[in-house]
There are 2 protein chains.
Amino acid sequence: MSGKPAQKRSSGDEVAVDDRSVAARLFAILDAFAAPAGATSLTLTLTAIAQRANLPLSTTHRLVAEWVSWGGLSKHENGQYSLGMKLWELGVQTPTARNLRTIALPYLEDLYETTREHVHLAILDGRDALYLEKLSGHHAVRLISRVGARLPLHSTGVGLVLLAYAPSDVVQQYLATNLQRFLPRTVTEPEAVRKRLAEIRLLGLARMSEEMTAGSSSIAAPIRDRTGQVVAAVSIVTRTTDTIDPEQERAVRVAAQGVSRALGYRRAQQ
Amino acid sequence: MSGKPAQKRSSGDEVAVDDRSVAARLFAILDAFAAPAGATSLTLTLTAIAQRANLPLSTTHRLVAEWVSWGGLSKHENGQYSLGMKLWELGVQTPTARNLRTIALPYLEDLYETTREHVHLAILDGRDALYLEKLSGHHAVRLISRVGARLPLHSTGVGLVLLAYAPSDVVQQYLATNLQRFLPRTVTEPEAVRKRLAEIRLLGLARMSEEMTAGSSSIAAPIRDRTGQVVAAVSIVTRTTDTIDPEQERAVRVAAQGVSRALGYRRAQQ
DNA sequence: ACCTACGCTTCCATTCAGTGGAAGTTCTCG
DNA sequence: CGAGAACTTCCACTGAATGGAAGCGTAGGT
C-alpha cells in the first residue's frame with residue numbers, strides 16, 4: 001500500500017516481512033480482480049493472482065481455495081479463476097445500491113423511453129462518480145461508463161452535479177488536485193469549474209459537451225432524499241448537436257424529481 | 001456447518017474449540033448479513049453480528065474492523081453495520097452477472113415497453129432460480145422476486161424453464177426432494193412436474209398461473225448461448241386473466257431469441 | 001444525580017493456525 | 001520424449017490471531 005517498506009532492499013540481509021493480516025491478504029486477492037479501467041471482467045490464473053496480490057504462491061493457493069469454497073471466487077475448467085456469484089449476491093444487497101436502484105429504476109426506464117438515450121444513475125463515492133445503473137438500448141454511442149464504473153467528477157454530467165451539491169470541503173479537496181483533460185473542451189481550471197458549479201446550482205441542471213467522450217454530450221440533474229440532501233444524479237448522454245433540446249432537459253428534470261419524490265423529498269425550501 | 005461437533009457437549013469438560021479458519025470466520029461475518037427472505041437489506045450491531053456468526057465479541061470486533069477498513073462493511077453513525085459499497089463494486093464485476101446482464105438488458109427493456117409487465121431474468125444456481133435482473137415500472141403487482149433473490153424452480157416461470165433444460169441429474173436430484181406448495185395450484189408431484197418440463201421443451205415456453213403469488217401468472221422462455229445451451233430464462237409476470245394473450249407470448253419469445261442471438265446462438269439444430 | 005445494564009473497545013499472555021520454502025505432480029509445447 | 005511452467009501438497013517453525021477480562025461510554029430507570 002504505502003510502497004516504501006514492501007521492497008526487499010534495505011541494509012544487510014533483511015528479507016522484508018509482510019505484515020499484512022490474513023484478512024488483508026484475502027482482500028488483496030479479491031482486489032487482484034478489480035477491473036483496471038473499462039476492461040472486460042477479469043479471469044486470472046493462480047500465478048497471476050499471486051503476482052497481483054504480491055503473495056507467495058503457496059499462500060495464494062490456500063487462500064484462493066478458501067474463497068472458492070465460500071463462493072467468492074470460482075474456478076473454471078481451464079484453471080482460471082474469476083469473481084464468484086456469491087459476491088454478486090451479497091453485493092446487490094448493499095443498502096445504498098439496492099434501495100436507490102430499486103426506487104429509481106422505474107423513473108430511469110421512463111426517461112429512457114421518452115428520450116431513447118443512454119441513461120445514467122450515479123452517486124458520489126470518494127473522489128469519483130460511481131455508476132449505479134445504466135440503461136442503453138441497442139443503438140448506443142460507445143461510452144466508457146458501465147455499471148460499477150468510477151469516472152471523474154469534473155468531466156461527466158452526473159459528476160458535476162454531484163460536485164455542485166457536495167460539502168464545500170469535498171469540492172475544495174477535489175479542485176486542489178490536477179484535473180485530467182480528456183478532450184480539448186474538458187474544463188480543468190479550478191475557478192472555471194467553480195463557476196460552473198454555481199451555474200448548476202442555479203439551474204438545477206448540468207450540461208456537458210465533448211468533455212469526456214468525443215461526439216457525446218450530457219444533461220444531468222440532482223436527486224434529493226427526504227432531508228433535501230443531494231444523494232445521487234441522473235443523466236442522459238446524447239450525440240452532440242448544435243441546438244439545445246428543451247424536451248430532453250425537461251425529461252431529465254422530471255426523472256430526477258420523480259426519484260426524489262419517491263425518496264420522500266417534498267421540495268422543502270430549507 | 002455440519003452441526004455435529006460445534007456444540008459444547010461431549011464428555012468431560014470440553015470447551016468445544018472452534019476449528020474455523022480465519023477466512024471462514026470472516027465469511028461467517030458477511031453471511032450474517034445475507035437477507036433471510038424477501039426482507040429489506042440488513043443493518044446489524046456488532047453484538048448481533050457476533051451472535052449470527054457465532055463468534056466471540058472481541059474476535060468479531062477485530063474482524064469486522066478489517067472488513068470496514070477494506071470497504072466490505074460500512075459502519076454508520078448509529079453504530080450499526082451494513083454491507084459496504086466495495087462488495088457492490090466487486091459484485092457487479094462478476095462475469096456471468098455482468099456479461100449476461102449487459103447483453104440482455106436492452107431486450108428486457110423492449111419486453112417491458114411492449115408488455116408493461118414485470119420482466120425477469122434468471123439463471124440456474126444450485127437448486128434455485130437466481131434473479132439477475134428485474135424491471136417493474138411504477139404500477140407493479142407486489143412480487144417476492146427482486147434482484148439477487150433465490151426462488152424455487154418448480155413454482156416460478158423462469159425456474160421451470162431452467163429446470164426443463166437442465167442436465168437430467170439435476171432434475172433427478174431436484175425432484176427427489178419435497179417440493180413446497182405455495183398456493184393450491186402449485187404443482188408439486190414429481191411426475192406432474194416432469195410432464196410439464198416435457199411440454200415446456202416442446203413449446204419452448206412455460207406458462208404458470210397462481211403457483212407462487214396469488215393473482216399473478218407468468219410466461220417464460222429459455223435463453224441459449226452460442227453452444228446452444230440454455231443459460232438463462234426471461235419471463236414476464238402478469239395479473240392472472242382467463243385468456244391467453246398470444247401477443248405476450250410472442251413478446252417473451254422475441255426477447256429470449258434476441259438475447260440468445262446477441263449471445264451468439266445461431267439456431268443450430270444440433 | 002446516581003446507579004445499573006448493556007454494548008463497545010482495548011489489552012495482552014498463550015498457543016495453534018497460518019506461513020512459505022521446497023519437493024512432488026501435472027500439463028503443455030516443441 | 002524432455003524441458004519448462006504452472007499448480008498442488010507437505011510440514012517444521014513461529015508470530016499472528018485468539019478470546020477472556022477489564023475498562024469505557026451511554027441510555028434508561030428511579
Side-chain angles (χ1 to χ4, degrees), chain A residues 1-2 5-10 13-33 42-70 72-82 84, chain B residues 1-2 5-8 10 12-33 42-70 72-82 84:
Chain A
M1 286 288 140
S2 59
Q7 289 313 319
K8 43 178 61 179
R9 286 286 94 170
S10 98
D13 50 358
E14 285 293 323
V15 197
V17 283
D18 181 351
D19 60 353
R20 283 179 290 181
S21 65
V22 184
R25 291 167 207 223
L26 281 163
F27 300 152
I29 285 175
L30 272 207
D31 283 331
F33 286 87
L42 280 186
T43 181
L44 299 173
T45 66
L46 189 65
T47 315
I49 299 171
Q51 283 167 353
R52 286 170 169 251
N54 193 26
L55 287 170
L57 192 60
S58 53
T59 301
T60 308
H61 182 255
R62 199 160 15 83
L63 296 183
V64 163
E66 299 259 23
W67 276 117
V68 170
S69 83
W70 181 65
L73 293 179
S74 55
K75 184 176 192 169
H76 303 279
E77 335 69 43
N78 53 31
Q80 303 255 81
Y81 293 88
S82 68
Chain B
M1 285 290 138
S2 59
Q7 291 311 318
K8 42 179 61 179
S10 97
D13 51 357
E14 286 294 321
V15 195
V17 281
D18 182 349
D19 60 353
R20 283 179 290 182
S21 64
V22 184
R25 290 165 207 226
L26 280 164
F27 300 153
I29 286 176
L30 272 206
D31 284 330
F33 286 88
L42 281 186
T43 179
L44 298 172
T45 65
L46 190 64
T47 315
I49 299 171
Q51 283 166 352
R52 287 170 168 252
N54 193 25
L55 287 171
L57 192 60
S58 55
T59 302
T60 308
H61 181 255
R62 199 160 14 84
L63 296 184
V64 163
E66 299 259 23
W67 277 117
V68 171
S69 83
W70 181 66
L73 292 179
S74 54
K75 185 178 191 168
H76 303 278
E77 336 69 45
N78 53 30
Q80 304 254 81
Y81 294 87
S82 68

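Throughout, a chain's letter reflects where its sequence line sits, starting with A, and its residues are numbered from 1.
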d([atom1], [X]; [atom2], [N]) in whole Å:
X: A:E66; N: D:dT8; atom1: CD; atom2: P; result: 15 Å
X: A:L55; N: C:dT19; atom1: CG; atom2: P; result: 8 Å
X: A:I49; N: D:dT8; atom1: CD1; atom2: P; result: 11 Å
X: B:I29; N: D:dA17; atom1: CD1; atom2: P; result: 13 Å
X: A:L46; N: D:dA5; atom1: CG; atom2: P; result: 17 Å
X: B:K75; N: C:dG7; atom1: NZ; atom2: C1'; result: 11 Å
X: B:E77; N: D:dT26; atom1: CD; atom2: C1'; result: 17 Å
X: B:L44; N: C:dG7; atom1: CG; atom2: P; result: 14 Å

Exercise for the section: Please confirm whether the backbone N or O of B:L26 pairs with a side-chain atom of B:W67, one donor and one acceptor, at under 3.5 Å? Expected result: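 Yes; at least one donor-acceptor contact below 3.5 Å.
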Handout entry: Side chain B:R52, main chain B:F33, donor-acceptor under 3.5 Å
Key =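 Checking the backbone N and O of B:F33 against the side chain of B:R52, no donor-acceptor pair under 3.5 Å is found.
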Handout entry: Comparing A:G79 and A:V22 on DNA chain D - which has the more 5′ nearest nucleotide
Key =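 Counting from the 5' end, the first nearest nucleotide belongs to A:G79.
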Exercise for the section: Please figure out whether A:Y81 or A:A23 has its closest DNA chain D nucleotide nearer the 5' end. Expected result: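 Comparing both residues, the 5'-ward one is A:Y81.
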Problem - Residues which pass side-chain contact (heavy atoms from CB on, under 4.5 Å) with B:S69, listed by chain and number, not counting sequence neighbours - result: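 Result, side-chain contact (heavy atoms from CB on, under 4.5 Å) vs B:S69: none returned.
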Calculate, to the nearest 0.5 Å, the distance between atoms [atom1] and [atom2] belonging to [X] and [Y] respectively.
X: A:L46; Y: A:T60; atom1: CG; atom2: OG1; value: 6.0 Å
X: A:I29; Y: A:L44; atom1: CD1; atom2: CG; value: 11.0 Å
X: B:T59; Y: B:R62; atom1: OG1; atom2: CZ; value: 5.0 Å

Practice task
Kindly say if B:R20 contacts the phosphate of C:dA17, meaning a side-chain N or O under 4.0 Å from OP1 or OP2.
Solution key: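 For C:dA17, OP1/OP2 do not have a side-chain N/O of B:R20 under 4.0 Å.
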Handout entry: Of residues 56-65 of chain A, the positions that come close to DNA chain C - non-hydrogen atoms, cut-off under 4.0 Å
Key =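 Per residue number, the list reads A:P56, A:S58, A:T59, A:R62, A:L63.
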Handout entry: B:S82 and B:H76 side chains, donor-acceptor separation under 3.5 Å
Key =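 Short answer, yes.
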